[in-house]
Amino acid sequence: MNKFLSKFDLNNKTALITGGAGLLGIEHAVALLDCGAHVVLTDISEAELKNAYEILLKDNDPKKISTHVMDVTSLASISKISDKLNKSNIRVDILVNNAAIDPKVSGDEGVLETSRLENFPLEQWNLQIAVGLTGAFLCSQVFGRNMAKSGQGGVILNIASDLSVFSPDQRLYRKEGLSEENQPVKPVTYSVIKAGLIGLTKYLATYWVDQGVRANTLSPGGVFNGQNDEFVQKLTELIPLGRMADNDEYHSAVQFLCSDASAYLNGQNIVMDGGRSVW
Ligand SMILES: NC(=O)c1ccc[n+]([C@@H]2O[C@H](COP(=O)([O-])OP(=O)(O)OC[C@H]3O[C@@H](n4cnc5c(N)ncnc54)[C@H](O)[C@@H]3O)[C@@H](O)[C@H]2O)c1
């Protein structure tokens, strides 16, 4: 392997991904497997994990992949997986905090529009913060501490969103024919969680720095996943590159951020959004 590629080499490294059975979780796994990592795929959904495992098996050595049901909102659930891995002498070198609840924006006349700030249910606020932000804190607490203790260091990658750096453009979600108070919006939780992850990243970037633990954020722009034409057209008009991302377009960023290729990058938010945030 040449010197350039060796920086991306993750053979003998183990990467744990949260929310790993979702659209991007599987892609992060593909990216890290391609660099030789052993991947510990975790998710709250056993069925989706099974499905993700089947997909990954098509092109990868089964010995490189393990799956575990893990709820990032539960310290007990995270500790159980950590203990299991410790007992098998598996040290997590890379943690990808990816789990989140993507609140679906609906919009119906005559039905209280709960995505709107005025109506947003406290239970939804608590649940979404618990998964997207507290979950990243708890996983960093458990796996980051182990990285620091190991003497080998490690990498924490928090997955935020381009909405970590700007406000949602609520015009994207408008539905014709609905009254103002029934217009759906991107909920406040998304912005709060993604901005919060940047703060968490900066904190983590310095906290265990003497023990060799680095932390960065990746803020992806929207991935095309069959969204309706009207939404896609409105969104792509806001993106200088004129399109949404393909689901595999973050592979190289994940490989860079999780490997020694980014050894001197710490505490940063890499916004990969087709240029949307600079327009
Ligand atoms: N897809 C996009 O366009 C996009 C754009 C920017 C940022 N992101 C971010 O990327 C990350 C992944 O997004 P995605 O599109 O793959 O979402 P997704 O909904 O497909 O996947 C999220 C996964 O998290 C899991 N999950 C939910 N609650 C959990 C819990 N308590 N514990 C563990 N796992 C739990 C779900 O089961 C699901 O598999 C998210 O942080 C999202 O905000 C996505």
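Note that this is a predicted model, so its numbers are computed, not measured. All ligand and atom numbering here is 1-based and tracks the order in the structure.
Among protein heavy atoms, atom 24 (O) of ligand 1 sits closest to Gly19 CA, 3.4 Å. Of the protein's heavy atoms, Ala100 O, 4.5 Å lies nearest to atom 19 (O) of ligand 1. In terms of protein heavy atoms, atom 26 (N) of ligand 1 is closest to Ile44 CG2, 3.8 Å.
Listed by number with element, the atoms of ligand 1 under 4.0 angstrom from any heavy atom of Asn98 are 10 (O), 11 (C), 12 (C), 40 (C), 41 (O). The ligand atoms of ligand 1 that sit less than 4.0 angstrom from a heavy atom of Asp71 are 30 (C), 31 (N), 32 (N). Near Gly22, meaning under 4.0 Å from one of its heavy atoms, ligand 1 places the atoms 16 (O), 20 (O), 21 (O), 39 (O). Taking every non-hydrogen atom of Ala21 and a distance limit under 4.0 Å, the qualifying atoms of ligand 1 come out as 39 (O). Under a 4.0 Å criterion applied to the non-hydrogen atoms of Ala160, ligand 1 contributes the atoms 7 (C), 8 (N), 9 (C). Under a 4.0 Å criterion applied to the non-hydrogen atoms of Gly222, ligand 1 contributes the atoms 3 (O). Each of the following atoms of ligand 1 lies closer than 4.0 Å to a heavy atom of Ile159: 9 (C), 10 (O), 11 (C), 41 (O).
Nearest heavy-atom pair, Ser150 versus Arg91, reported as atom, atom and distance to 0.1 Å: CB-CD, 3.3 Å.
Considering backbone and side-chain N/O of Leu23, one or more are found under 3.5 Å from N/O of ligand 1. No N or O atom of Ala99 sits closer than 3.5 Å to an N or O atom of ligand 1. Not one N or O of Asp162 is nearer than 3.5 Å to an N or O of ligand 1, by distance alone. When only interatomic distances are considered, the shortest N/O to N/O separation between Val72 and ligand 1 falls below 3.5 Å. Ligand 1 has no N or O atom lying under 3.5 Å from any N or O atom of Val131, backbone or side chain. In terms of polar-atom proximity, Asp102 is not counted as a contact of ligand 1, lacking any N or O under 3.5 Å from an N or O of the ligand. Ligand 1 has an N or O atom lying under 3.5 Å from an N or O atom of Val223, backbone or side chain. Inclusion of Tyr190 in the set of residues having an N or O under 3.5 Å from an N or O of ligand 1 is warranted. Close N/O approach between Lys194 and ligand 1 is found [any backbone or side-chain N/O within under 3.5 Å]. Polar contact with ligand 1: absent for Thr73 (N/O pair, distance under 3.5 Å).
Not a single heavy atom of Ser77 sits under 4.0 Å from any atom of ligand 1. Under a 4.0 Å heavy-atom criterion, Met70 is in contact with ligand 1. Remark: distances from the non-hydrogen atoms of Ala52 to ligand 1 are all 4.0 Å or more.
Checked against side chain to side chain donor-acceptor pair (under 3.5 Å), Thr67 has no partners two or more places apart in sequence or in another chain. Partners of Tyr190 under the ring-ring contact (aromatic ring centres under 6.0 Å, His included) rule, at least two apart in sequence or in another chain, do not exist in this structure.
For the pair Lys234 (side chain) and Asp229 (backbone), a donor-acceptor distance under 3.5 Å is absent. Judged purely by atom type and a 3.5 angstrom limit, Asn216 uses its side chain to pair as donor or acceptor with the backbone of Gly267. Proximity of a side-chain donor or acceptor of Asn269 to a complementary backbone N or O of Ile198 within less than 3.5 Å is not detected. Judged purely by atom type and a 3.5 angstrom limit, Arg214 uses its side chain to pair as donor or acceptor with the backbone of Ser262.
With a 4.5 Å cut-off on side-chain heavy atoms, Ser164 and Leu197 do not count as touching. Contact of the Ser66 side chain with the His38 side chain is registered, since non-hydrogen atoms from C-beta on lie closer than 4.5 Å.
Hydrophobic cluster membership is shared by Leu95 and Tyr207, with clusters built from Ile, Leu, Val, Met, Phe, Trp and Tyr side chains linked at under 4.5 angstrom. By the rule that hydrophobic residues join a cluster once side-chain heavy atoms approach within less than 4.5 Å of another member, Val213 and Leu257 end up as members of separate clusters. A continuous path of hydrophobic side-chain contacts links Phe137 to Leu127 [ILVMFWY only; heavy atoms under 4.5 Å].
Closer than 4.0 Å to atom 17 (O) of ligand 1 lies none of the heavy atoms of the protein.
Checking Leu163, Asp43, Ile193, Leu24 against atom 13 (O) of ligand 1, the nearest heavy atom belongs to Leu24.
Residues Asp34 and His251 have side chains that never bring a donor and an acceptor to within less than 3.5 angstrom of each other.
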